[in-house]
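Here the structure comes first, spelled out in structure tokens, and everything after it is commentary.
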Amino acid sequence: MISKKMEAALNEQIAVEAGAHFTYLSMATWADAQGLEGTANFFFQHAAEEHEHMMKIVHFIGEVGGRALVPAIKKPEEQYKDVLDACEKAYAHEQQVSTSIYKLVTLAREENDYVADEFLRWFIDEQREEEVLFMRIMDRIKLIGTGGQSLYYIDKELARAHAEAEAAEAAEGEA
Ligand code: FEO
């Protein structure tokens, strides 16, 4: 049975993951409206992943005898200067998510909640992968440059990142 403190903290994380889902959804629709199909697909997929993260926590709380609560979500930003701006914000957002996951791990250990500690290990790996992904994308965008003609190549870069993520997910599903 989960402690009330751990249950409340995991419920806060549901709101964090749902917020990430909305943030990436907003980035996706912004990119879509700019005609940046590769970028839009990349962020749509990322939004879907955040929804999966949220659902993992929802089901975990239920499994350990707690009650997952549906949170109110703040409206995300709607406008981005350019793709680099969106990626920088996504990276900063992921760093915040990582910090909240680390706090959860600390709490799980303080509470001797080995089950939650083990459950959260997946999220630590996931956060590392996401931070690395956005760092790489930001580096490539900086190499390409942000002028008008660069946009085509930046969008291709995001399309490539999207295809790689889809392939990785398919491989994970087969494993
Ligand atoms: Fe689920 Fe990217 O944080």
Side-chain angles (χ1 to χ4, degrees), residues 2 6-32 38-64 66 68-78 80 83-108 113 115-141 157-173 175:
I2 193 169
M6 196 72 224
E7 181 185 15
L10 283 167
N11 266 306
E12 278 174 29
Q13 191 63 25
I14 288 179
V16 170
E17 302 291 347
H21 170 65
F22 269 25
T23 296
Y24 294 135
L25 204 50
S26 184
M27 288 175 179
T29 58
W30 167 82
D32 198 26
T39 306
N41 286 338
F42 171 82
F43 281 117
F44 274 127
Q45 183 197 34
H46 230 76
E49 280 183 24
E50 296 302 342
H51 183 260
E52 278 175 29
H53 299 174
M54 179 190 77
M55 292 307 292
K56 266 185 195 288
I57 300 170
V58 165
H59 290 306
F60 175 76
I61 294 174
E63 274 165 21
V64 292
L69 301 170
V70 177
I73 306 298
K74 208 175 115 216
K75 192 174 164 61
E77 207 171 318
E78 286 174 354
Y80 301 93
V83 180
L84 181 60
D85 178 42
C87 288
E88 282 172 346
K89 283 176 177 150
Y91 178 60
H93 193 80
E94 287 304 335
Q95 286 181 306
Q96 285 173 12
V97 177
S98 297
T99 302
S100 61
I101 294 286
Y102 302 152
K103 281 187 186 157
L104 280 172
V105 173
T106 303
L107 179 63
D113 188 338
V115 177
D117 190 7
E118 182 61 30
F119 167 72
L120 290 164
R121 199 155 301 190
W122 183 90
F123 284 85
I124 291 177
D125 288 342
E126 182 71 11
Q127 284 310 120
R128 176 181 46 78
E129 282 173 20
E130 291 191 342
E131 286 191 27
V132 169
L133 172 70
F134 281 112
M135 269 193 290
R136 283 200 184 130
I137 288 173
M138 289 188 299
D139 284 346
R140 287 191 188 142
I141 293 175
E157 188 58 39
L158 274 283
R160 199 176 62 83
H162 169 62
E164 278 177 9
E166 284 227 308
E169 205 160 297
E172 213 170 276

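Counting starts at 1 for both ligands and their atoms, following the listed order. Numbering of residues begins at 1 and proceeds along the displayed sequence.
- Ring geometry for His53 against Phe123 counts as perpendicular: the plane angle is over 60°, on a 0 to 90° scale with 30° as the lower cut.
- Thr23 places no side-chain N or O within donor-acceptor distance of the main-chain N or O of Pro76, the cut-off being under 3.5 Å.
- Distances from atom 1 (Fe) of ligand 1 show that Glu50 has an N/O/S atom below 2.8 Å.
- Taking the six-membered ring where the residue is Trp, Phe42 and Phe134 present perpendicular rings, their angle passing 60° and hence far from 30°.
- Proximity of Glu157 to Ile137: side-chain heavy atoms (C-beta onward) are nowhere separated by under 4.5 Å.
- Classified by interplanar angle (parallel below 30°, tilted 30° to 60°, perpendicular above 60°), the ring pair Tyr24/His46 is perpendicular.
- Residue-level check: among N/O/S atoms of Glu130, OE1 sits closest to atom 2 (Fe) of ligand 1.
- Take the N/O/S atoms of Glu17: the one nearest atom 1 (Fe) of ligand 1 is OE1.
- Among the backbone and side-chain atoms of Glu126, none of the N, O or S atoms lies under 2.8 Å from atom 1 (Fe) of ligand 1.
- Closest to atom 1 (Fe) of ligand 1 among the N, O or S atoms of His53 is ND1.
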